[in-house]
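Worth saying up front: this structure is predicted, and the values here are computed from it rather than measured. Heads up: numbering here begins at 1 and tracks the sequence.
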Amino acid sequence: MTDEIAFMSASEMVTKFANRSLSPVEATAAALARIEKHNDKVNAFCFVAGEEATAAAKASEARWAAGAPLGPLDGVPTSIKDLALVKGWHTGKGSLTSQGDGPATEDAPYVARLKESGAVLLGKTTTPEFGWKGVTDSLLTGVTRNPWNLDKTPGGSSGGAAAALAAGMGQLAQGSDGGGSVRIPCGFTGLPGLKASYGRVPVYPASPFHTLSHAGPMARTVRDLALMLNVMALPDSRDWYSLPYLDRDWCADIDAGVKGLRIAYSGDLGYADVDPEVADIVAEGAQVFADLGATLEDRDPGFDDPTAIFRILWWVGSADVAGAMTPEKLAMLEPGFREMAAEGAKISQSDFVAATNARVALGQFMNLFHDQYDLLVTPTLAVPAFDTGVLAPDGDNDSIRWLRWTPFSYPFNMTGQPAATVPCGFTKAGLPVGLQIVGPRHRDDLVLRAAKAFEAARPQPTRAPLDDT
């Protein structure tokens, strides 16, 4: 029964809280039991607040008993990525440079909103140093592993969050996504995840990667993504870039389907090198949208490979992080991050401005593309999950290599569009494959609708076979 509770959806859990057939205390105990049982193998959590979570669950139980829950997530076990501020908790950022820092004195906006809704915060999930790469390992917290195969990476940089969900360690997880860091790990671990439109979820403090970095929900069902977005998207004046608050229920029309929508499918964006097995699984999966009544057309968007543009923007962001450090702190950095920062410091102002202008042009291009198509569907990743300890499936640790196997994610960080990944199938080796759905700017509702329709038509297991290992 404990594992049944641990893998229950947040939406079902809240319904059971309301009718008193399940208690938040039982839900939290189930999540903590999974952490106790499996975290040593998976390394999803770098900090577990067991006593604090249990106390929060007891308070939630009392509120439900009185018929007065704080919000739609009251009592739901939830994790926070260790790049985010949680008042009273240390912020490790996956970096040895954080050692000696005191606890945070305030909550990040989405952390504050989750607390105000009554969510039970279980602890903090692992991330690579400052979220710089697409896999999750660091000198601070070690290697995080994929619950579907412990020899494989869960991806990154929200790798701990995804591993926790796939292992039953909580119902919801907060992720951040600067170049795919929600979608990459969700794709590798067989989960739905949403990079919301830029500004939809208020963020504070600002990311060193600036407007590339988005926040979004991670869960085991698409409806739970929408439920979590209802809370995460609530306003916070500390984020100067945030969108005007849109007072809507993101669950309201999530079952409206895709009939009549115009959907473009691109298997490689016109330039990506995609693993043949992944390509076949996603191409077959994309046909589901036609079966559901959408007009589906094979169509590359038509923009050039933006890797060089993104590389400049990302590398300059890393230089911004390192530039504020003392020589002693710099020596603590992971060599790959330190090298990237040093390269970023050499990028000229004119090259940075040119990259920024090229980013603007890409955003304009995609705005026009969506005048013709409601949605764009692609693979989430070019490869299935690969071995831990390397940046790329061929074992090449050159820092640019993570950009070569993530060609479908970072273009849409540059454009600020909403993009979701949904589980699409499995390789012959039993590794999950994800399908990405990209929508016009600010049309998170459309992306969630399509993701929910696909999930209903092609349900996939989201519980990793960790108990068999």
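With contacts defined as side-chain heavy-atom distances shorter than 4.5 Å, the pair Val201/His214 does not qualify. The shortest side-chain heavy-atom distance between Met169 and Ser79 does not fall under the 4.5 Å cut-off. Counting heavy atoms from C-beta on, the side chains of Leu435 and Phe454 come closer than 4.5 Å. Put simply, the side chain of Leu234 does not reach to within 4.5 Å of the side chain of Tyr110, judged on heavy atoms. Between Asp387 and Lys152 there is a side-chain heavy-atom pair separated by less than 4.5 Å. Leu212 has its side chain within reach of Phe310: a pair of non-hydrogen atoms, C-beta onward, lies under 4.5 Å apart. Side-chain contact check for Val438 versus Val447: every heavy-atom pair is 4.5 Å or farther apart. At least one side-chain heavy atom of Val383 sits less than 4.5 Å from a side-chain heavy atom of Phe188.
To the nearest 0.5 Å, atom CG of residue Leu448 and atom CD of residue Glu455 are 10.5 Å apart. Rounded to the nearest 0.5 angstrom, Asp107 CG and Trp89 CH2 are separated by 9.0 Å. How far CD of Glu129 is from OG of Ser318: 10.5 Å, rounded to the nearest 0.5 Å. One distance of note links OG of Ser158 with CD of Gln174; it measures 7.0 Å at 0.5 Å rounding. To the nearest 0.5 Å, atom CD1 of residue Ile80 and atom OG1 of residue Thr91 are 11.0 Å apart. Here the CG atom belonging to Asn149 is positioned 13.0 Å from the OG1 atom belonging to Thr189, to the nearest 0.5 angstrom.
Contact detail for Gly425 and Ile281: the closest heavy-atom pair is CA-CG2, 4.2 Å. Shortest non-hydrogen contact noted between Ile184 and Thr406 is CD1-CG2, 3.6 Å. Closest non-hydrogen pair, Met414 versus Pro306, comes out as CE-CB, 3.4 Å. Taking each heavy atom of Pro77 and Leu122 in turn, the nearest pair found is CB-CD1, 3.8 Å. For Gly180 against Pro185, the heavy-atom pair with the smallest separation is O-CD, 3.8 Å. Here the shortest heavy-atom pairing between Ala31 and Gly170 reads CB-N, 3.8 Å.
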### Task
Would you sort out whether Arg223 and Glu12 count as a salt bridge (charged side-chain N to carboxylate O under 4.0 Å, His left out), showing the intermediate values?
CA-CA 10 Å; Arg223 185 176 296 279; Glu12 182 183 1; over 6 Å; no

### Message
Leu150 vs Val42, test: side-chain contact (heavy atoms from CB on, under 4.5 Å). Steps then yes/no.
### Response
CA-CA 7 Å; Leu150 294 174; Val42 176; 4.1 Å; yes

#### Entry: Stepwise side-chain hydrogen bond (donor to acceptor under 3.5 Å, both in side chains) check, Ser95 with Lys329
CA-CA 10 Å; Ser95 180; Lys329 292 280 190 181; over 6 Å; no

### Task
Given side-chain contact (heavy atoms from CB on, under 4.5 Å), test His442 with Arg200 step by step and report yes or no.
CA-CA 8 Å; His442 310 155; Arg200 177 71 65 210; 3.7 Å; yes

### Message
Show, in sequence, the C-alpha distance, side-chain angles and deciding distance for Arg404 and Asp273, and conclude whether the salt bridge (charged side-chain N to carboxylate O under 4.0 Å, His left out) test is met.
### Response
CA-CA 8 Å; Arg404 296 195 180 116; Asp273 183 14; over 6 Å; no

#### Entry: Derivation of the side-chain contact (heavy atoms from CB on, under 4.5 Å) call for Leu85 and Glu106
CA-CA 7 Å; Leu85 299 179; Glu106 59 184 330; 4.1 Å; yes

### Query
Would Arg113 and Glu116 count as a salt bridge (charged side-chain N to carboxylate O under 4.0 Å, His left out) if you check the C-alpha gap in whole Å, the side-chain angles of each, and the deciding distance to 0.1 Å?
CA-CA 5 Å; Arg113 304 295 87 78; Glu116 290 162 6; 2.9 Å; yes

### Query
Do Glu61 and Ser23 pass the side-chain hydrogen bond (donor to acceptor under 3.5 Å, both in side chains) test, and can you show the C-alpha distance, the side-chain angles, and the key distance before you say yes or no?
CA-CA 6 Å; Glu61 181 180 60; Ser23 159; 2.6 Å; yes

### Message
Would Trp314 and Tyr410 count as a ring pair (Phe, Tyr, Trp, His ring centres under 6.0 Å) here? Give the steps.
### Response
CA-CA 10 Å; Trp314 194 258; Tyr410 53 82; 9.3 Å; no

### Task
Could you walk me through whether Asp101 and Ser98 pass side-chain hydrogen bond (donor to acceptor under 3.5 Å, both in side chains), step by step?
CA-CA 6 Å; Asp101 293 350; Ser98 71; 5.1 Å; no

### Task
Please report the C-alpha distance between Arg63 and Leu70 in whole Å, then the side-chain angles of each, then the deciding distance to 0.1 Å, and finally whether the side-chain contact (heavy atoms from CB on, under 4.5 Å) criterion is met.
CA-CA 8 Å; Arg63 290 191 294 270; Leu70 288 176; 3.4 Å; yes

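At least one donor-acceptor pair closer than 3.5 Å links the side chain of Lys124 to the backbone N or O of Ala84. Arg238 places no side-chain N or O within donor-acceptor distance of the main-chain N or O of Tyr204, the cut-off being under 3.5 Å. With hydrogens and angles disregarded, no donor-acceptor distance shorter than 3.5 Å links the side chain of Arg463 to the backbone of Gly168. Of the possible polar contacts, one joining the Gln417 side chain to the Gly439 backbone as a donor-acceptor pair under 3.5 Å is found. In this structure, Asp268 contributes its side chain and Val274 its backbone to no donor-acceptor pair below 3.5 Å. Between the side chain of Ser60 and the main chain of Ala56, no donor-acceptor pair closer than 3.5 Å is present. One N or O on the side chain of Asp444 and one on the backbone of Ser197 form a donor-acceptor pair closer than 3.5 Å. Between the side chain of Arg401 and the backbone N or O of Leu391 there is no donor-acceptor pair closer than 3.5 Å. Between the Asn413 side chain and the Ser213 main chain, no donor and acceptor come within less than 3.5 Å of each other. Although no hydrogens or angles enter the test, the distance criterion places no donor-acceptor pair under 3.5 Å between the side chain of Arg183 and the main chain of Thr421.
With respect to Asp467 and Arg34, a salt bridge is recorded, a charged nitrogen being found less than 4.0 Å from a carboxylate O.
A centroid separation of less than 6.0 Å is found between the aromatic rings of Phe386 and Trp405.
Under a cut-off of 6.0 angstrom, the local environment of NZ in Lys93 is sparse, with at most 12 non-hydrogen atoms contributed by other residues, nucleotides or ligands. For Asp304, the CG atom sits in a loose shell: 12 or fewer heavy atoms of surrounding residues, nucleotides or ligands are nearer than 6.0 Å.
Tested against Thr144, the residues Thr126, Thr388, Thr136, Thr153 include a single side-chain hydrogen bond (donor to acceptor under 3.5 Å, both in side chains) partner, Thr126.
Ring pair Tyr241/Tyr198 is perpendicular by interplanar angle, where above 60° counts as perpendicular and below 30° as parallel.
A donor atom on one side chain and an acceptor atom on the other are found under 3.5 Å apart for Ser348 and Ser350.
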